[in-house]
Amino acid sequence: MVMEEDHPRLILHNFLTEDECKELEFIHKSCSTIGYRPNVFSTTLSHLIATNSAHLIIPFLPIRDRLKEKVEETFGCEYELVTEFTGLISWSRGASIGWHSDDNRPYLKQRDFTAVCYLNSYGKDFEGGLFHFQDGEPKTIGPMVGDAVIYTADGRNTHSVDEVTSGERLTLTLWFSRDSSHDEDAKLILLLEENVLHKSNNVPWSLLPLPASDNMYWFSPHQASNQDIGFDIRLGRLHALGFDVYYSRDVNFSSDLSQLLMEPMQLARRDQLLDHEFVNVLHSLQVAQFYFWKGCKAQAFTNEVQSGKAVRLSRSQSEKITQVNSIFLKDSKLVETVFQSADRCYFNLATFSAAITEWEDYSCKLHKEILLSLPQWRAHQAIYSVKFDV
């Protein structure tokens, strides 16, 4: 779509493939935390690194490069821009934002351009959430999977987003800057060197996620601070997939349970307890989301499928699950409102067991790519630093 001179913007249809969108959706739903606005969830690249999920930034990298090249080409600023921020952002029921520009705060003035990629579709995956420009054409954009909109971050492209009324509206959002002091890559390289390289001799263990603090996962209506209402979004997303969380060790439910979700646990489904121990609840969520990302496709798993094992839940085990839910899922109806059920696929215990192995292979593959690409990324960053210093 041709840009208007007074309101520079460009809409790109099918900029991302459906497979790219699905992979980013998987990453977000398995790693996200509470976002910057009520009813919003976010996943940043620095958060992935900090939670021992650095390998999951690999799918972002070619997309970021393509977007930056397209923005530079469109706005005639080749080799001038750095990426200031990259994040997956989802808006659930009740989320909205009024008229604003993306540089509308003193601490945001470094933002020159915005790129938003839609990872799912209006009318299919969510309702509401239409994007509006205040002036110029097009005035309204109905998000469709794979489409992207790029525009200047200043007042020439003041915009708003309608309230989401159902589902979860998911985007990949990037901001670009001419100010090299706000270069996201320089910060990411430092984090990667601290969190990845010194663990490279122990690859399997380095791929186990380490959750952030519990308050980063606690959802309350209107971001209320007290935890008497709401739910932990990791358990909430597992609940939406049809799973409950079980801890085999004795738990004193009258004591401080803030560390419980960091401990080894198992998943239960309906009246069955699955025979696999996960290192923590974030690990189980990543595997479960991986299964429902890949498992909906026939013959998705290449590993040999072995019989999965499960036992029928005893009364005491069911009671313990109920107690855990009473602490971390205080409002199950709210969970179902915020996260629509994703339990659309037939669940098969044997293929779930295969998914656990496939997930480890997927993680190891991405981890190797991180180790291979980091020196090149560092060298490229050094060239850019010299360019900007001249």
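- Aromatic ring orientation, Phe85 versus Trp175: tilted (interplanar angle from 30° to 60°).
- For the ring-ring contact (aromatic ring centres under 6.0 Å, His included) test with Tyr151, the passing option among Phe75, Phe133, Phe113 is Phe133; the others fail.
- Within 6.0 Å of the CZ atom in Arg249, the count of heavy atoms belonging to other residues, nucleotides or ligands exceeds 12.
- Residues Leu192 and Ile57 form a side-chain contact, since some pair of their non-hydrogen atoms from C-beta on lies under 4.5 Å apart.
- Looking at heavy atoms from C-beta onward, Ser353 lies out of side-chain contact with His276 at the 4.5 angstrom threshold.
- By the 6.0 Å and 45° rule, Arg237 stacks over the aromatic ring of Phe41.
- The environment of Lys109 atom NZ is dense: over 12 non-hydrogen atoms of other residues, nucleotides or ligands sit within 6.0 angstrom.
- A donor-acceptor contact closer than 3.5 angstrom is absent between the side chains of Glu184 and Thr83.
- Around atom CD of Glu18, no more than 12 heavy atoms belonging to other residues, nucleotides or ligands sit under 6.0 Å away.
- The shortest non-hydrogen separation linking Gly129 to Pro143 is O-CG, 3.9 Å.
- Judged by distance alone, the side chains of Asn157 and Thr152 do bring a donor and an acceptor atom under 3.5 Å apart.
- Between Phe347 and Phe243, the ring center distance clears the sub-6.0 Å criterion.
- For the 3.5 Å distance criterion, the side chains of Ser90 and His28 qualify, holding a donor opposite an acceptor.
- A donor-acceptor pair shorter than 3.5 Å cannot be found between the side chains of Gln286 and Ser363.
- Residues Arg169 and Tyr118 form a side-chain contact, since some pair of their non-hydrogen atoms from C-beta on lies under 4.5 Å apart.
- We find that Asp214 and Arg234 are joined by a salt bridge, their nearest charged nitrogen and carboxylate oxygen being less than 4.0 Å apart.
- At a threshold of 4.0 Å, the pair Lys365-Glu369 counts as salt-bridged, since one of the basic side-chain nitrogens sits closer than that to a carboxylate oxygen.
- The nearest pair of heavy atoms linking Asp103 to Arg111 is CB-O, 3.9 Å.
- At a cut-off of 3.5 Å, with distance as the only test, no side-chain donor of Asp179 or Ser177 sits close to an acceptor on the other residue.
- Ring centers of Phe131 and His159: under 6.0 Å apart, within the cut-off.
- At a threshold of 4.0 Å, the pair Lys22-Glu25 counts as salt-bridged, since one of the basic side-chain nitrogens sits closer than that to a carboxylate oxygen.
- Residues Gly146 and Cys21 share a closest heavy-atom pair of N-SG, 3.7 Å.
- Under a cut-off of 6.0 angstrom, the local environment of CZ in Arg64 is crowded, with over 12 non-hydrogen atoms contributed by other residues, nucleotides or ligands.
- For NZ of Lys368, the number of neighbouring non-hydrogen atoms (other residues, nucleotides, ligands) closer than 6.0 Å is 12 at most.
- Between His367 and His55, the angle of the ring planes lies from 30° to 60°, which puts this pair in the tilted group.
- Here the closest heavy-atom approach between residue Val145 and residue Ser121 is recorded as N-OG, 2.9 Å.
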